[in-house]
Protein chains: 2
Amino acid sequence: MNQNIIIHRVLPMTKRLIQRVTNEGDVVVDATAGNGNDTQFLAETVGPNGRVFAFDIQQEALDATKERLEQNDCLTQVQLICDSHANVKKYVEAPISGAMFNLGYLPYSEDLSVVTRAESTIAAIDALLDLLKKDGIITVSVYDGHPGGPEERDALLEYVRTLHQKDVHVARYELINQRNNPPFMLAFEKMRDFTTHERIEC
Amino acid sequence: MNQNIIIHRVLPMTKRLIQRVTNEGDVVVDATAGNGNDTQFLAETVGPNGRVFAFDIQQEALDATKERLEQNDCLTQVQLICDSHANVKKYVEAPISGAMFNLGYLPYSEDLSVVTRAESTIAAIDALLDLLKKDGIITVSVYDGHPGGPEERDALLEYVRTLHQKDVHVARYELINQRNNPPFMLAFEKMRDFTTHERIEC
């Protein structure tokens, strides 16, 4: 990797943002464990005294994640949860430092029909904003090239507009001259302490 | 200013990017001097041994910029040029480290009909990409709330799509839940040495 690069691609950018707000021993959430890429990154970032709650609705994903964490010697600080991330408050207590989402389907899966959906994605982000500490960050990598992707993207952008800028700053970041429809990033920063936040009527 | 903020607004973000690639003694360009905000920032970044070429087509803007630079004791390293930034190659030689644009009209001016236009903005960016050193950055703060703004924005985004990702990375960054139509940022990073770059047919 070229260390001189300033304009990062989306996936490295999500990690850089999470690293800025997460210390050893912190509690964080991987809302979409998938093949465990972000789970491993989070587990290594918070270390053995921290805690990662990693959600996926596909056991196949959690199995792959578990194997990856074992191979990289960072399974002990991770709790794998086979449930919708929309139910995050059943498992996780405030405060958390950060959370990461990778929307779309499980890469390399045989069943690409299982995808994240607007309703549960938004419910999960909304719950995580409550759980987040002030100055905490949620990153969402949004893919819109698959069936259902554009609908999820549009619903998510509409939801963002209901968040008051005093409560949450939401940034959109993307490289716009790239081939192969890369994801864009949404990043949420919690600007003040709240457990339920204001709504703006769109 | 809250030092904890991670998700920066657009104008501070442009300065952070330029600071990452610019050292004392470097040559840089303020393509739209305006009231001298970026010119002063650039002059202080490159210091008395550096060089800032500051363009504006309005003498009123250059007068305000000059006064600001004098007050802040950094006029000596700045050359004020009353000409279109599209003619940048008449005045500036490669390599430069960075360049900044603030599109739209001169803030607080009595004549808000003088605005940047797609044709000269794009010609200037294209010339500056040639002049830029590898890993150099051009930032463009794009306002689209004024008459002519949407047309300039759309032409600029179309131009960006003609830049090959091997030559230039172009990022778009914006806060998307803010009131009052704030600008978005385009940032161009030169990925390899070139003096004329490849074109992609749209």
Side-chain angles (χ1 to χ4, degrees), chain A residues 2-10 13-14 16-22 97-98 129 133-140 142 156-180 182 184-192 197-200 202, chain B residues 2-10 13-14 16-22 97-98 129 133-140 142 156-180 182 184-192 197-200 202:
Chain A
N2 181 352
Q3 289 303 316
N4 290 326
I5 284 182
I6 307 290
I7 307 281
H8 295 276
R9 292 175 198 276
V10 160
M13 187 62 105
T14 63
R16 292 173 72 89
L17 286 179
I18 291 293
Q19 256 168 341
R20 298 265 314 268
V21 296
T22 306
S97 303
L129 283 174
K133 67 177 186 185
K134 181 175 174 299
D135 303 323
I137 295 272
I138 300 170
T139 64
V140 184
V142 185
L156 195 50
L157 293 174
E158 195 161 325
Y159 161 72
V160 165
R161 276 181 233 114
T162 71
L163 298 173
H164 197 290
Q165 68 187 63
K166 281 185 189 165
D167 291 334
V168 188
H169 275 187
V170 188
R172 176 176 175 156
Y173 174 81
E174 61 201 301
L175 296 199
I176 57 173
N177 68 326
Q178 306 287 303
R179 298 176 188 186
N180 302 324
F184 67 87
M185 177 183 80
L186 295 178
F188 300 70
E189 179 174 2
K190 187 162 174 171
M191 303 307 288
R192 66 169 190 86
H197 52 85
E198 227 176 294
R199 291 266 167 242
I200 302 167
C202 270
Chain B
N2 182 351
Q3 290 303 316
N4 290 324
I5 286 182
I6 307 291
I7 307 280
H8 294 277
R9 292 173 198 276
V10 160
M13 187 62 106
T14 61
R16 292 172 72 90
L17 287 179
I18 291 292
Q19 255 167 343
R20 297 267 313 272
V21 295
T22 306
S97 303
L129 283 173
K133 68 177 185 185
K134 181 175 175 297
D135 303 323
I137 295 271
I138 300 170
T139 64
V140 184
V142 184
L156 195 50
L157 292 174
E158 194 161 324
Y159 161 72
V160 165
R161 275 181 235 113
T162 70
L163 297 173
H164 197 289
Q165 66 186 63
K166 282 185 189 165
D167 290 335
V168 187
H169 275 186
V170 188
R172 175 175 175 155
Y173 174 82
E174 62 201 303
L175 297 198
I176 58 173
N177 69 327
Q178 306 286 304
R179 298 176 188 184
N180 302 324
F184 68 85
M185 177 183 80
L186 294 178
F188 299 72
E189 180 173 3
K190 187 161 174 171
M191 303 307 287
R192 65 168 191 85
H197 53 85
E198 227 176 296
R199 291 266 166 239
I200 302 166
C202 270

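Atoms considered below: every heavy atom in the structure, side chains included; atoms not considered: hydrogens, waters and symmetry mates. These numbers come from a predicted model, not from an experiment. So you know, we letter chains A, B, ... as the sequences are listed, proteins then strands, and number each from 1.
In terms of heavy-atom pairs under 4.5 Å with chain B, the best-connected choice from A/Asn177, A/Leu17, A/Leu186 is A/Asn177. Most heavy-atom pairs under 4.5 Å with chain B, from the set A/Gln178, A/Gln165, A/Met185: that is A/Gln165.
For chain B, the nearby parts of A/Ile176 are the backbone and the side chain; heavy atoms of each come within less than 4.5 Å.
Using a distance-only test at 3.5 Å, with no hydrogens or angles considered, no donor-acceptor pair links the side chain of A/Tyr173 to the main chain of A/Ala187.
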Verdict with reasoning, A/Leu175 to A/Val10, per side-chain contact (heavy atoms from CB on, under 4.5 Å): CA-CA 8 Å; A/Leu175 296 199; A/Val10 160; 5.8 Å; no
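B/Asp167 has its side chain out of reach of B/Leu129: every pair of non-hydrogen atoms, C-beta onward, lies at least 4.5 Å apart. Using a 4.5 Å heavy-atom threshold, the side chains of A/Val168 and A/Glu189 count as separate.
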